[in-house]
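These values consider heavy atoms only, across backbone and side chains, with no hydrogens, waters or symmetry-generated copies.
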2 protein chains.
Amino acid sequence: MESYLQNLKDNCLKITPRRKAVIDIFVSNGSRMGPYDVYGKLKKRLSTIGLPTVYRILSELKDIGILVQSISEDRQLRYSLCTLPDVHHHHFTCRKCSKIEEVEFCNFKGVSRFIEKKFNAKVEAHQVQIEGLCSECK
Amino acid sequence: MESYLQNLKDNCLKITPRRKAVIDIFVSNGSRMGPYDVYGKLKKRLSTIGLPTVYRILSELKDIGILVQSISEDRQLRYSLCTLPDVHHHHFTCRKCSKIEEVEFCNFKGVSRFIEKKFNAKVEAHQVQIEGLCSECK
DNA sequence: CTCTAAATAGAAATCATTTCTATTTATACT
DNA sequence: AGTATAAATAGAAATGATTTCTATTTAGAG
């Protein structure tokens, strides 16, 4: 938790009860959540909290690398704690419980070479979304 | 073009001027487009066309495998012709001109095995979005 | 040509997300 | 500890992509 707060300071973001609560929800919950999920959990602790505040905080935490943003099947925002902020990695999402695992492995080079050769193109980025069932939901 | 119309028939969808026009726009254009892009192009040929009609037709063409649906960075719908309907493949999108190339190559098994072993999970699906610059925009 | 279910136009609704503005608060500095 | 100030927030309102609704039109079978 301390390192998250330090991260906020390092990025000139004040440590407010709202921000601490959002981080805490992700730390204690661990799964992938949308703004409305987070809002629902926050309401229990802080009765006066606005949805726009949740959206803003989630976006800020993404910007400084505490959360990862992803897009769900229904094209809506999802966030999850990023435990590997500086390493290139992908995400595995459980289709049943929405838990997210960080996949510190990427064999994308082959595809990249294939594309650059076949289409004479320049590959700049890639994003992989992997889905399935986690050990508990299997 | 004939095979597209046959595909419509096979799926009990009537061959209407609107549907033909939408397919034609993709065939002659080739790039990835959103509903509003398609709507704009349709307006030139058919003055009375509604945006809801465009959304519906795009969704229908996706359902029968003529178009591929993808989600762009801005979380909006994008469609492109699917020339490899039955083969597992991915898509490469040019960041400059939005042209889309179908990548008939996938070395995903390694990642899949890694995940199943490390997390004791079951991988069911994956989706890869690759971006860069095409040969012309390079 | 006629009939019928499917397709469509246009208006309206939906709803996630963002913007705006007045008020409150964290924190740097006395 | 008290104060000043920029940052953060609540709540209302706006935005805008997408979907739904309904009356009208049309493709295609017979």
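The footprint of chain A on DNA chain D, defined by a heavy-atom cutoff below 4.0 Å, extends from D:dA6 to D:dT19.
At least one side-chain heavy atom of A:Val22 sits less than 4.5 Å from a side-chain heavy atom of A:Phe26. With a 4.5 Å cut-off on side-chain heavy atoms, A:Arg19 and A:Leu8 count as touching. Proximity of B:Tyr79 to B:Leu61: side-chain heavy atoms (C-beta onward) are nowhere separated by under 4.5 Å.
Under the rule for a salt bridge (charged side-chain N to carboxylate O under 4.0 Å, His left out), the partners of A:Arg56 that lie at least two apart in sequence or sit in another chain are A:Glu60. A:Arg113 meets the salt bridge (charged side-chain N to carboxylate O under 4.0 Å, His left out) test with no other residue; sequence neighbours excluded.
An angle of 40°, rounded to 10°, separates the two end axes of the helix from C:dC1-D:dG30 to C:dT30-D:dA1, each defined over five pairs.
Atom CG in B:Asn11 sits roughly 15 Å away from atom C1' in C:dA6 (whole-Å rounding). A straight line from NZ of A:Lys62 to C1' of C:dT18 spans 13 Å, rounded to a whole angstrom.
In B:Gln69, the CD atom is crowded: over 12 heavy atoms of neighbouring residues, nucleotides or ligands sit closer than 6.0 Å. Within 6.0 Å of the NZ atom in A:Lys43, the count of heavy atoms belonging to other residues, nucleotides or ligands exceeds 12.
Between B:Arg32 and B:Asp37 no salt bridge is recorded (no basic side-chain N to carboxylate O distance below 4.0 Å).
Using a 30° and 60° split on the angle between ring planes, A:Phe114 and A:Phe119 fall in the perpendicular class, above 60°.
Atom CG of A:Leu67 is separated from atom CG of A:Leu58 by 6.5 Å, given to the nearest 0.5 angstrom. Note: A:Leu81 CG to A:Asn29 CG = 9.5 Å, rounded to the nearest 0.5 Å.
Looking at B:Gln6 and B:Asp10, their side chains do bring a donor and an acceptor atom within 3.5 Å of each other.
Residues B:Ile130 and B:Leu133 do not share a hydrophobic cluster, defined by chaining ILVMFWY side chains whose heavy atoms lie under 4.5 Å apart.
The stretch residues 17-26 of chain B touches DNA chain D through B:Pro17, each having a heavy atom under 4.0 angstrom from the strand. Residues of residues 1-10 of chain B having a heavy atom closer than 4.0 Å to DNA chain C: none are found.
When each of A:Arg75 and A:Lys14 is assigned the nucleotide of DNA chain D bearing its nearest heavy atom, the one mapping closer to the 5' terminus is A:Lys14.
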